[in-house]
There are 2 protein chains.
Amino acid sequence: MPLRKYRATIKDIATRTGVSANTVSRTLRGLPHIHPETRQRILEVAKQLNYKRNLLARSLVLKRTESVGVVITDTSNPNYSRIIRGVEDYLYQHNINLMVSSSIGDEVRERSVIDLFLERAVDGMIVTPTMKSFAAIEEIVRRHVPLVLTNRYFKGHPMDAVRVDNVNSIKRLTHYLLDLGHERIVYFGGHEYVTTAEDRYVGYRKAMQEARRKPAPAVFCGTAREPDKVNRALVKLLRGKSRPTAILCYNDDLAVEVMHRLLDMGLSVPEDISVAGFDDIDMAAMLRVPLTTVAQPTYLIGRKAAELLLRRINGDMADFPQQILLETNIMVRASTGPPPAR
Amino acid sequence: MPLRKYRATIKDIATRTGVSANTVSRTLRGLPHIHPETRQRILEVAKQLNYKRNLLARSLVLKRTESVGVVITDTSNPNYSRIIRGVEDYLYQHNINLMVSSSIGDEVRERSVIDLFLERAVDGMIVTPTMKSFAAIEEIVRRHVPLVLTNRYFKGHPMDAVRVDNVNSIKRLTHYLLDLGHERIVYFGGHEYVTTAEDRYVGYRKAMQEARRKPAPAVFCGTAREPDKVNRALVKLLRGKSRPTAILCYNDDLAVEVMHRLLDMGLSVPEDISVAGFDDIDMAAMLRVPLTTVAQPTYLIGRKAAELLLRRINGDMADFPQQILLETNIMVRASTGPPPAR
DNA sequence: CTGAAAGCGCTTACAG
DNA sequence: CTGAAAGCGCTTACAG
């Protein structure tokens with residue numbers, strides 16, 4: 001049994017001031033045509049009762065909640081929490097509340113948190129889809145609730161999205177390795193159903209083709225959260241007849257894992273094998289062997305997504321669907337170098 | 001102008017089914033005493049209209065929003081975002097929405113986000129106070145909105161709180177250093193108005209006193225976000241007549257900063273000087289010199305806070321005010337060792 | 001400049 | 001088993 005909290009209402013102020021609720025409401029909202037004395041009395045009583053408006057009631061009539069929902073893979077992962085912070089800072093300026101939920105890459109949880117946001121009548125959503133199902137996303141669209149995707153996107157479903165150009169980023173990174181003299185470069189890790197992993201593989205292939213090298217098949221062996229799978233794939237890769245001289249990892253978490261495995265095996269990075277990642281996580285520069293990687297503007301992704309979403313919420317549908325691609329930076333560090341001499 | 005979204009209501013279902021709104025409502029909530037045929041018709045129409053309940057309206061009458069607000073220093077900092085994730089996972093099981101806001105250590109922003117949560121009528125809040133003012137927190141209490149603090153607390157204001165025992169944790173860490181033979185140990189960094197920093201200094205002093213060593217004055221020189229201040233303090237410390245053989249840093253971010261400065265100066269860690277931190281951030285184990293530190297159960301702090309908060313929201317005031325102290329772990333790594341021989 | 005009434009989409013007694 | 005009415009705390013036309 002919840003404790004009964006007293007909360008002054010507009011009506012309370014009205015009766016104590018001897019005016020109507022209408023007048024109180026208009027005064028509180030700063031609308032004109034209120035007699036100065038009336039206004040002052042109302043304001044005084046409001047303060048005295050410690051009045052705070054009830055946004056619930058307001059939202060119900062306005063059909064606008066001034067709240068936005070973010071569904072993201074994992075709120076505790078800095079790659080995502082920085083996006084959240086970017087969203088948050090922008091929304092804060094507009095007095096809009098932010099609800100967050102982690103999908104943890106699980107389509108059931110994804111569906112469930114999206115449904116709850118829908119029931120809660122958020123004005124819009126920003127989501128990094130799990131990509132395991134389109135149903136939940138489709139439901140948002142069907143209900144005409146403004147939606148901006150981040151990081152990933154669905155092919156053949158034109159929707160607003162903010163992300164980096166994964167294809168091009170990895171292409172540049174691959175060219176950098178090619179220029180160092182590498183020939184046997186492998187794309188390693190990630191899930192093929194996630195567009196980021198797929199796009200990165202595409203970028204790698206493009207670079208290889210441009211350099212007239214034969215691309216190697218991608219090793220979609222999962223993420224750092226599945227270390228056993230990753231390890232098996234890595235061992236297999238190294239045992240193959242033509243061992244790669246460079247490994248492009250799906251992301252930094254994986255690259256850290258891979259690099260440490262290699263070092264544990266007694267190999268040297270980058271002397272025996274170069275390793276590169278994606279994300280530029282905090283520890284990348286601090287590692288025993290600082291990691292070459294691609295820096296994503298995560299905070300900015302969040303901010304841009306929030307900006308676009310608010311435009312949509314306010315009815316501005318210009319350039320729909322809009323794909324905002326943000327710039328990445330190749331951070332060259334010690335984990336990559338020329339291939340070993342033959 | 002927001003686009004007009006169509007949304008089926010209970011009334012829509014009622015008219016199309018030829019029953020009253022009451023009956024629809026009771027059916028949808030799974031209450032008994034509904035004729036099976038009526039129920040089925042209602043359920044069918046609801047599905048057909050793609051009905052989703054409007055939690056806003058529900059909350060208004062129930063005086064319960066099934067939402068909770070979290071105010072934390074910085075949602076993008078893993079030390080905090082893991083707390084959020086702990087809160088989130090627990091709330092998810094109870095179908096409660098989570099709103100988050102960063103105070104960024106700024107009392108104005110803190111006040112403002114708390115006020116918005118209050119207007120939004122959250123059922124309760126979890127906050128890591130900035131400690132720069134008590135007013136915002138007091139407002140929550142005054143309105144009888146359930147509140148659980150995390151990490152920090154206000155002296156002389158008994159409130160529910162979940163945190164680690166900073167005093168004891170640092171005491172143990174200091175004893176470990178004393179046992180290694182250190183005599184000149186310094187507590188470094190943080191702000192004196194933050195209870196965590198203060199408590200850590202107290203813990204250090206206690207250990208020193210127990211070992212009959214003279215505690216050194218704390219160097220409250222701020223956090224890693226104020227690198228210049230920190231650096232000046234560090235240089236001054238090292239130039240002093242009795243240079244410390246070990247530095248206990250307020251947190252890991254600071255310890256990383258300090259350690260790298262020392263290495264840059266050509267000093268060896270831990271041969272010339274030992275360095276320890278607090279938090280066990282991800283990179284701590286991966287650094288060039290892996291960092292000795294205190295691991296906090298951040299996820300669990302969030303989870304426990306959420307558990308306690310839900311109990312309070314449900315009217316269970318047992319053991320109020322409750323102070324939940326969670327266990328820490330001293331992670332001994334390479335950044336600490338015996339002091340240099342004289 | 002101000003008020004009475006209706007309504008947002010639900011739930012809750014109260015009848016029948 | 002079902003319905004009519006009132007009400008949650010606001011805002012919005014509409015009068016005056």
Side-chain angles (χ1 to χ4, degrees), chain A residues 1-2 4-43 45-46 49-67 118-123 143, chain B residues 1-2 4-43 45-46 49-67 118-123 143:
Chain A
M1 58 198 69
R4 181 144 295 301
K5 293 161 239 169
Y6 171 72
R7 215 183 202 254
T9 69
I10 277 190
K11 216 166 154 189
D12 293 329
I13 300 177
T15 56
R16 271 171 228 235
T17 325
V19 300
S20 71
N22 185 342
T23 305
V24 176
S25 173
R26 304 191 61 241
T27 303
L28 261 21
R29 277 177 293 151
L31 296 188
H33 309 306
I34 306 285
H35 191 95
E37 276 183 24
T38 315
R39 148 165 294 132
Q40 179 159 0
R41 275 214 327 283
I42 290 174
L43 259 21
V45 174
L49 293 181
N50 200 14
Y51 173 79
K52 218 174 247 314
R53 54 187 185 160
N54 184 331
L55 254 22
L56 243 42
R58 186 167 202 270
S59 300
L60 192 57
V61 7
L62 260 36
K63 293 184 176 307
R64 217 211 216 233
T65 55
E66 305 281 318
S67 70
L118 253 14
E119 293 188 325
R120 193 82 54 194
V122 294
D123 293 334
R143 289 175 182 276
Chain B
M1 56 198 71
R4 182 142 297 298
K5 294 160 237 169
Y6 171 71
R7 215 182 203 253
T9 69
I10 277 190
K11 216 165 155 190
D12 294 330
I13 300 176
T15 56
R16 271 171 228 235
T17 326
V19 299
S20 72
N22 184 344
T23 305
V24 175
S25 173
R26 305 191 60 241
T27 302
L28 260 21
R29 277 177 293 150
L31 295 188
H33 310 305
I34 306 285
H35 191 94
E37 276 182 23
T38 315
R39 148 166 293 133
Q40 180 159 359
R41 275 212 328 280
I42 291 173
L43 260 22
V45 174
L49 293 181
N50 200 13
Y51 173 79
K52 218 174 249 313
R53 53 187 186 161
N54 184 331
L55 253 23
L56 243 44
R58 187 168 201 268
S59 299
L60 192 59
V61 5
L62 261 36
K63 291 181 177 309
R64 214 210 219 236
T65 55
E66 307 281 317
S67 69
L118 253 14
E119 293 187 325
R120 193 83 52 193
V122 294
D123 293 333
R143 289 177 182 275

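In what follows, chains are A, B, ... by sequence order, proteins preceding strands, each numbered from 1.
Side-chain atoms of B:Arg120 come within 3.5 Å of backbone N or O of A:Thr65 as a donor-acceptor pair.
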Residue pair A:Arg58, A:Arg64: steps toward the side chain to side chain contact (heavy atoms under 4.5 Å, CB included) verdict: CA-CA 8 Å; A:Arg58 186 167 202 270; A:Arg64 217 211 216 233; over 6 Å; no

Verdict with supporting geometry, B:Thr9 and B:Leu49, side chain to side chain contact (heavy atoms under 4.5 Å, CB included): CA-CA 9 Å; B:Thr9 69; B:Leu49 293 181; over 6 Å; no

Show me the side-chain donor-acceptor pairs of residues 31-41 of chain B shorter than 3.5 Å, one per line, residues at least two apart or across chains.
residue, atom, partner, partner atom, Å
B:Arg39, NH2, B:Leu31, O, 3.1
B:Arg41, NH2, B:Thr17, O, 3.0

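Looking at A:Glu66 and A:Leu55, their side chains never come closer than 4.5 Å, going by heavy atoms from C-beta outward. The closest side-chain heavy-atom distance from B:Asn54 to B:Ile10 is not below 4.5 Å. The shortest side-chain heavy-atom distance between A:Val24 and A:Val45 does not fall under the 4.5 Å cut-off.
A search for side chain to side chain contact (heavy atoms under 4.5 Å, CB included) contacts involving B:Ser20 returns B:Asn22, B:Thr23, not counting sequence neighbours.
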Under 4.0 Å protein heavy-atom contacts per nucleotide of nucleotides 7-12 of chain C, with B for base, S for backbone only and - for none: BBBBBB

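The pair B:Arg53-A:Glu119 meets the salt-bridge criterion, with a side-chain N (NZ, NE, NH1 or NH2) lying under 4.0 Å from an Asp/Glu carboxylate O.
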Dot-bracket encoding per residue of DNA chain C, Watson-Crick/G-U cut-off under 3.5 Å, | denoting interstrand: |||.||||||||.|||

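Using a 4.0 Å cutoff on non-hydrogen atoms, the parts of residues 33-41 of chain A near DNA chain C are A:His33, A:Ile34, A:His35, A:Thr38, ordered by number.
Within the structure, salt bridge (Lys or Arg N to Asp or Glu O under 4.0 Å) contacts touching residues 7-18 of chain B (residues at least two apart or in different chains) do not occur.
Distances shown here put a side-chain N or O of A:Ser20 below 4.0 Å from the OP1 or OP2 atom of C:dG3.
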